[in-house]
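Only this structure's heavy atoms are used, side chains among them; waters, hydrogens and symmetry mates stay out. The shown structure was predicted, so the numbers you read here are calculated from the model rather than taken from an experiment. Each ligand, and each atom within it, is numbered from 1 in the order the structure gives.
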Amino acid sequence: MAVIAVDIAGAPYEVRVGTGLLASLVEQCRGKLRKRRVPIVTDAHVHAAWGAVVENALHEGGHEAVWRILPPGEGTKSWEQLSATVDWLLAEEVERGDHVIALGGGVIGDLTGFAAAILKRGCKFIQLPTTLLAQVDSSVGGKTAINTAAGKNLVGAFHQPSLVLADLAVLDTLPRRELLAGYAEVVKYGLIGDAGFFAWCDANGDAMIAGDPGLREYAVAHSVAAKARIVKEDERETTGLRALLNLGHTFGHALEAQTGFSERLLHGEGVALGMVLAARFSAERGLLPRASAEHVARHVAAVGLPNEISTLGLNCDSQTLAAHMLHDKKMDAGTLPFVLMKGIGEAFLAKDVALSDVANFLDAQLRR
Ligand code: NAD
Ligand code: GLY
């Protein structure tokens, strides 16, 4: 098992990465489960796959699992499900010192974390991430949120978990498309600040995706350690460091918006395409060698992720995509910061990008 310390001032915690952590849940959570009844929020897919393991683990440790099983999918990050979940936690008489458990992907983690952030002005929670994306990104760092009619993740809070248990066994039941979507976030850490890790992805990505346990542990632990270093320095995304984690997200967000935040394009797939676009846009501005941008595009395609927006059947022009960016929550005083690249492993925040340049660039990408 790998243990990564997330040393956030005032709210430090551990991320443990290994196989069989759900089965030893009570031992892993020693000192945290104060009551016999343990409230767990999950979704129906995850409950079907892993509910019994968690339930048995709690039962053997003298606890009783109390479930809130939500519909799978992005639609669950809603005011309605937030409100109903908070009411359920109140009915369960959860107190501020109690822990709520989030068992699921980023949807369940974000919703449960936000419910925990506002319940009685904040109770504790534990993340049991069950997608690769949640293990390497969303369960770590304390961003919690729901979506509203105006857009994704527009209402939320920073609220750190007390513990994250990334059990690699859960990845065995994850659909391959979801696994690949999560892999995009793994590659992201290499592109942001670790050329050596990108080279590792080049050499080992396929075998890691295919299921090699040692490679999976390395990929998840290395990604979590990278994120931990960043959120320790810039928990609230105020210095620009944490903003680097948005590499590919501004382009990706526009693509997700254009495809209706639907199954047509998963978040991680949008990030993969967005990273390719960020690399190519950086090359167009003379910041990054073209060969490096195409290296990123080749790597993304080689593992089976999309790398050309022309294949998405978007049926829109570049102005429409650029307009989606105007609604990005990262807009700051009328400008939209973009994460660009000077090299593989050398991402930086550019605040001088004109949206008209982005639109011209996207025009050419749509016609490729
Ligand atoms: P998700 O939670 O919707 O899970 C994807 C699908 O996989 C769902 O159908 C789910 O039921 C199923 N699933 C999950 N684990 C499974 C398992 N082990 N076996 C079988 N099926 C399983 O999607 P996601 O990609 O994990 O998360 C996406 C969400 O994360 C988005 O809402 C995004 O905004 C958010 N996010 C948040 C942060 C953050 O820092 N808080 C970072 C990145 C993404
Ligand atoms: N996923 C981006 C962040 O946590 O800041």
Side-chain angles (χ1 to χ4, degrees), residues 6 8 22 41-51 53-54 69-78 81 102-114 117 127-147 151-161 164 166-186 188-189 192 223-224 226-228 230-231 233-250 252-253 256 261-263 265-272 329-330 339:
V6 186
I8 290 180
L22 292 186
V41 184
T42 190
D43 75 26
H45 292 156
V46 178
H47 185 259
W50 294 97
V53 171
V54 170
I69 304 167
L70 298 174
E74 192 64 34
T76 285
K77 278 172 59 173
S78 65
Q81 295 293 4
L103 172 73
V107 164
I108 291 300
D110 280 12
L111 176 89
T112 310
F114 190 28
Q127 291 266 23
L128 306 182
T130 63
T131 62
L132 181 59
L133 181 139
Q135 295 192 344
V136 300
D137 189 359
S138 63
S139 66
V140 181
K143 280 189 181 175
T144 73
I146 57 164
N147 308 321
K152 250 192 90 169
N153 293 331
L154 291 182
V155 176
F158 287 96
H159 188 54
Q160 301 294 338
V164 181
D167 187 340
L168 300 165
V170 300
L171 302 179
D172 291 343
T173 59
L174 191 64
R176 182 176 167 83
R177 190 177 167 202
E178 297 289 351
L179 193 67
L180 287 177
Y183 179 74
E185 303 278 8
V186 173
K188 184 182 77 176
Y189 294 108
I192 290 173
S223 300
V224 168
K227 183 154 186 183
I230 290 176
V231 298
E233 296 298 325
D234 185 19
E235 183 195 2
R236 302 278 165 136
E237 207 167 306
T238 48
T239 68
L241 182 62
R242 186 165 183 167
L244 298 181
L245 293 172
N246 296 326
L247 175 67
H249 284 57
T250 305
H253 184 267
E256 283 184 88
F261 295 103
S262 67
E263 292 291 304
L265 187 70
L266 301 180
H267 174 73
E269 294 169 340
V271 169
K329 66 179 178 309
K330 296 181 283 297
V339 184

A.B. asks: Nearest heavy atom to atom 34 (O) of ligand 1 wins, so pick from Lys77, Glu256, Gln127, His253.
C.D. replies: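 It is Lys77 that holds the nearest heavy atom.
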A.B. asks: So which of Glu178, Lys143, His249, His45 gets nearest to atom 9 (O) of ligand 1, if we judge by its closest heavy atom?
C.D. replies: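 Among Glu178, Lys143, His249, His45, the closest heavy atom to atom 9 (O) of ligand 1 belongs to His45.
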A.B. asks: Tell me the contacting part of Val140 for ligand 1: side chain, backbone, both, or neither, using a 4.0 Å heavy-atom threshold, strictly below.
C.D. replies: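 Neither; nothing of Val140 gets under 4.0 Å from ligand 1.
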A.B. asks: Numbering the atoms of ligand 1 from 1, which are under 4.0 Å from a heavy atom of Asp43?
C.D. replies: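 Here the atoms of ligand 1 in question are 10 (C), 11 (O).
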A.B. asks: Starting from atom 38 (C) of ligand 1, what is the nearest protein heavy atom, named by residue and atom, and what distance separates them?
C.D. replies: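 Heavy-atom neighbour on the protein nearest atom 38 (C) of ligand 1: Ser138 CB, 3.2 Å.
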A.B. asks: Can you list the ligand 1 atoms lying under 4.0 Å from a non-hydrogen atom of Asn153?
C.D. replies: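 Answer, ordered by atom number: 34 (O).
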A.B. asks: Roughly how far apart are Glu256 CD and Glu269 CD, rounded to 0.5 Å?
C.D. replies: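 If I round to the nearest 0.5 Å, the distance is 9.5 Å.
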A.B. asks: If I take atom CG from residue Asp43 and atom CD1 from residue Ile108, how far apart are they, to the nearest 0.5 angstrom?
C.D. replies: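 Separation between the atoms: 5.0 Å.
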A.B. asks: Can you name the closest pair of heavy atoms from Gly104 and Ala134 and give their distance?
C.D. replies: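 Heavy-atom minimum between the residues: O-CB, 4.1 Å.
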A.B. asks: Can you pull every nitrogen or oxygen pair between ligand 2 and the protein closer than 3.5 angstrom?
C.D. replies:
from	atom 1	to	atom 2	distance (Å)
ligand 2	1 (N)	Asp137	OD1	3.0
ligand 2	1 (N)	Asp137	OD2	3.3
ligand 2	4 (O)	Lys227	NZ	2.6
ligand 2	4 (O)	Arg242	NH2	2.8
ligand 2	5 (O)	Lys143	NZ	2.8
ligand 2	5 (O)	Arg242	NE	2.7
ligand 2	5 (O)	Arg242	NH2	3.4

A.B. asks: Could you give the distance from NZ (Lys188) to CD (Glu185), rounded to the nearest 0.5 Å?
C.D. replies: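 The NZ atom of Lys188 sits 4.0 Å away from the CD atom of Glu185.
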A.B. asks: Before giving the answer on side chain to side chain donor-acceptor pair (under 3.5 Å), spell out for Trp50 and Thr173 the whole-Å C-alpha distance, their side-chain angles and the decisive distance to 0.1 Å.
C.D. replies: CA-CA 9 Å; Trp50 294 97; Thr173 59; 2.8 Å; yes
A.B. asks: Which residue owns the protein heavy atom closest to atom 22 (C) of ligand 1, what's the atom, and how far is it?
C.D. replies: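 Going by distance alone, atom 22 (C) of ligand 1 is nearest to Leu174 CD1, 3.7 Å.
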A.B. asks: What is the nearest protein non-hydrogen atom to atom 23 (O) of ligand 1, stated with its residue, atom name and distance?
C.D. replies: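 Checking every protein heavy atom, the shortest distance to atom 23 (O) of ligand 1 gives Gly106 N, 4.1 Å.
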A.B. asks: Check each atom of ligand 1 against the heavy atoms of Thr131 and keep those under 4.0 Å away; list them by number with element.
C.D. replies: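 Per the distance check, 4 (O), 14 (C), 15 (N), 24 (P), 26 (O).
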A.B. asks: What heavy-atom pair brings Ser138 and Asp110 nearest, and what distance separates the two atoms?
C.D. replies: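 Shortest heavy-atom separation between Ser138 and Asp110 comes out as CB-OD1, 4.3 Å.
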A.B. asks: Counting each atom of ligand 1 from 1 as listed, which ones have a heavy atom of Thr173 under 4.0 Å away?
C.D. replies: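 Every atom of ligand 1 under 4.0 Å from some heavy atom of Thr173: 17 (C), 18 (N), 19 (N), 20 (C).
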A.B. asks: For atom 25 (O) of ligand 1, which candidate among Leu133, Leu132, Val170, Asp137 holds the nearest heavy atom?
C.D. replies: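 Of the listed residues, Leu133 has the closest heavy atom.
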A.B. asks: Between Leu103 and Thr130, does a side chain to side chain contact (heavy atoms under 4.5 Å, CB included) hold up when you go through it step by step?
C.D. replies: CA-CA 7 Å; Leu103 172 73; Thr130 63; 3.7 Å; yes
A.B. asks: May I ask whether Lys227 has any heavy atom positioned less than 4.0 angstrom from an atom of ligand 1?
C.D. replies: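 The answer is yes: ligand 1 sits under 4.0 Å from a heavy atom of Lys227.
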A.B. asks: List ligand 1 atoms under 4.0 Å from Pro72, heavy atoms only on the residue side.
C.D. replies: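 Within the 4.0 Å cut-off of Pro72, ligand 1 contributes 9 (O), 11 (O).
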